[in-house]
Protein chains: 2
Amino acid sequence: MCQKIRMENVAIVLHDTRIPENIGAAARAAANMGVGQLIVSAPRHLDMERVLKVATHSASGLVKAMKVCSTLPEALGGFNWIVGTTARLGGTRRVNSSPADLAAKLIPMSSENRVAVLFGPEDRGLTNEDLQLCHELVNIPTAGFSSLNLAQAVMVMCYELFQARTRAPECHIPRLACRHELENMYEELKETFARIHYINHENPEHRLDKARNFLSRYQLRAREVSIIRGLCRQVVRYGSQCYKDGAAAGAAGSPKNQETG
Amino acid sequence: MCQKIRMENVAIVLHDTRIPENIGAAARAAANMGVGQLIVSAPRHLDMERVLKVATHSASGLVKAMKVCSTLPEALGGFNWIVGTTARLGGTRRVNSSPADLAAKLIPMSSENRVAVLFGPEDRGLTNEDLQLCHELVNIPTAGFSSLNLAQAVMVMCYELFQARTRAPECHIPRLACRHELENMYEELKETFARIHYINHENPEHRLDKARNFLSRYQLRAREVSIIRGLCRQVVRYGSQCYKDGAAAGAAGSPKNQETG
């Protein structure tokens with residue numbers, strides 16, 4: 001059985017946020033991924049109208065239940081495991097997890113523990129003092145510009161937590177054509193290719209091999225084999241019809257050019 | 001050796017976007033993750049001042065090099081592999097990748113192919129017609145509210161692509177047919193199917209869509225496109241030859257059954 005993070009035990013904590021729209025956008029991301037709680041700690045400017053507009057209807061429940069704390073220790077008091085996010089590395093910053101590593105670890109952690117994922121203010125992130133309250137740090141890897149938009153960083157973390165599984169779900173592969181079905185198809189292709197002079201009778205293998213190489217790269221399904229065989233039969237019918245049309249025109253003494261389809 | 005996606009070969013394509021700030025926020029996400037190009041196709045409202053403000057300095061280079069196209073086929077013409085993103089599932093929407101699966105696949109794909117990741121408008125996403133241009137669809141899994149903020153969806157995809165790594169030696173993927181080559185092939189297939197009455201003139205789309213769905217699952221190479229087009233031409237020649245043979249036989253007063261083989 002595949003295990004997941006208990007998202008209802010996970011909270012997003014936004015500390016010292018400057019821009020109300022970022023709280024709303026973070027709320028929407030958290031709601032999309034099933035996060036259980038949103039907490040804001042010491043927000044600089046909390047305009048609920050602006051928050052709710054960006055949160056959209058989908059996150060309105062999370063925003064209405066949002067807890068507002070005046071200090072960070074108050075916001076984090078009830079949590080068993082606290083993860084700090086940081087864009088800056090080095091120094092005393094003991095980053096020990098990538099988002100994916102963190103997510104894997106939180107699967108067992110979240111089953112009986114309340115987990116907070118903490119984000120600092122837009123312009124400078126969490127201070128060293130803030131990080132003292134965290135059990136571990138996580139950094140979202142970037143290509144060059146390490147400063148992410150706050151709500152986008154929240155989205156990446158929530159996405160990683162939501163989709164973490166102990167065992168990757170297997171991709172579904174539908175029933176493929178069996179060898180018999182494939183060989184019958186190749187036989188019909190060979191006959192059709194010969195009939196339309198796409199291959200010549202003396203050395204039929206060259207172009208047939210090409211078609212075989214082409215088709216064998218794919219995981220052909222039974223119904224796709226039927227499509228190909230149906231096309232072969234239609235080409236044969238087409239030739240017969242052209243011949244009949246020609247014959248009728250010839251017998252009438254007016255073998256004009258073939259009409260185009 | 002650990003292989004990665006060649007991010008310089010990846011483009012984010014935003015189609016029919018309503019809100020300039022979303023283009024800017026998507027640009028910032030793309031720049032954070034090292035995406036090579038940003039393209040907007042048929043934007044509703046392109047206010048560059050608003051785009052640049054949200055993009056921040058970090059993405060200003062990407063925004064200034066941004067390509068603006070008036071139609072989606074124009075935007076996608078030069079790409080070898082096109083991934084459509086969709087929040088809606090079911091019906092004919094053949095979602096075959098999670099973001100992580102997609103990212104793993106794009107490691108070999110991106111080494112010699114230009115890859116576009118396509119996002120639809122904020123309010124309703126890509127249409128079925130838009131999706132016809134895609135080789136595969138990807139869906140960002142959500143807990144309940146499936147509609148993501150556009151720029152946040154771009155961030156999740158870019159993040160997955162940027163951090164994808166593989167250790168296993170991957171199979172080599174050669175250059176694939178680009179969108180132009182594919183569309184020319186579909187056009188020729190359509191004409192041929194109509195000519196041989198495999199599709200009827202009143203409702204040509206049904207069987208053509210089937211063929212499209214079938215072929216778009218595959219990573220068609222340029223020379224395979226040539227094989228398919230060569231076969232189309234050969235079928236046309238075959239019909240002409242059958243007609244001539246019939247005409248000759250009819251004129252000679254002996255329109256016997258068409259010879260086989």
Side-chain angles (χ1 to χ4, degrees), chain A residues 7 25 28-29 31-34 56 58-59 98 100 140-149 151-152 155-156 159 162-163 169 171 194-198 201 210-211 214 217-218 224 227 230-231 234-235 237-253 255 258 260-261, chain B residues 7 25 28-29 31-34 56 58-59 96 98 100-101 140-149 151-152 155-156 159 162-163 191 194-198 210-211 214 217-218 224 227 230-231 234-235 237-253 255 258 260-261:
Chain A
M7 295 300 283
R28 181 173 174 181
N32 281 136
M33 298 301 158
T56 74
S58 64
S98 72
I140 297 174
T142 56
F145 306 106
S146 67
S147 170
L148 268 59
N149 165 272
Q152 291 181 0
M155 175 52 107
V156 167
Y159 165 76
F162 174 68
Q163 59 105 53
C171 62
R195 177 185 286 267
I196 71 173
H197 310 295
Y198 186 69
H201 297 281
K210 272 194 170 175
F214 167 25
R217 286 205 299 118
Y218 304 132
E224 291 168 343
I227 290 176
L231 265 166
Q234 190 62 31
V235 166
R237 274 195 290 272
Y238 171 63
S240 300
Q241 188 59 48
C242 286
Y243 183 88
K244 275 187 207 154
D245 291 349
Q258 185 196 10
T260 52
Chain B
M7 294 300 283
R28 180 173 176 182
N32 281 136
M33 298 300 158
T56 75
S58 65
N96 38 22
S98 72
D101 292 341
I140 297 174
T142 56
F145 305 106
S146 67
S147 169
L148 268 61
N149 165 271
Q152 290 181 0
M155 175 52 109
V156 167
Y159 164 76
F162 173 69
Q163 58 104 54
E191 284 167 22
R195 178 185 285 269
I196 71 173
H197 309 295
Y198 185 68
K210 271 194 172 175
F214 167 25
R217 282 207 301 119
Y218 302 132
E224 292 169 343
I227 290 176
L231 265 166
Q234 191 60 33
V235 166
R237 275 196 289 272
Y238 170 63
S240 300
Q241 189 57 50
C242 287
Y243 183 88
K244 276 188 207 155
D245 291 350
Q258 184 194 10
T260 55

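First the proteins, then the strands, lettered A, B, ... as listed; each starts at 1.
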Applying ring-ring contact (aromatic ring centres under 6.0 Å, His included) to F162(B) and not counting sequence neighbours gives none

The interface call for A211(A) against chain B, heavy-atom contacts under 4.5 Å, is neither

Looking only at E224(A), M7(A), K210(A), R237(A), most heavy-atom pairs under 4.5 Å shared with chain B are made by E224(A)

When the 4.5 angstrom heavy-atom criterion is applied to A59(B) and chain A, the contacting part is neither

Heavy-atom closest pair (Y159(A) atom, P141(B) atom, distance to 0.1 Å) is CE1-CD, 4.2 Å

Taken in chain and number order and not counting sequence neighbours, the residues that satisfy side-chain hydrogen bond (donor to acceptor under 3.5 Å, both in side chains) with Q163(A) are E160(A)

CD of Q241(B) to CD of Q234(B), rounded to nearest 0.5 Å, is 10.0 Å

Max heavy-atom pairs within cutoff under 4.5 Å with chain A, candidates S147(B), A31(B), G34(B), goes to S147(B)

If one checks every heavy atom of F214(B) against chain A at 4.5 Å, the contacting part turns out to be both

If one checks every heavy atom of I140(A) against chain B at 4.5 Å, the contacting part turns out to be side chain

OH of Y238(A) to CD1 of I196(A), rounded to nearest 0.5 Å, is 11.0 Å

Taken to the nearest 0.5 Å, the spacing of M155(B) CE from N149(A) CG works out to 7.5 Å

One option among T142(B), D245(B), V235(B), N32(B) has the most heavy-atom pairs under 4.5 Å with chain A, and it is N32(B)

Interface check, chain B: of T56(A), V156(A), L231(A), most non-hydrogen pairs under 4.5 Å belong to L231(A)

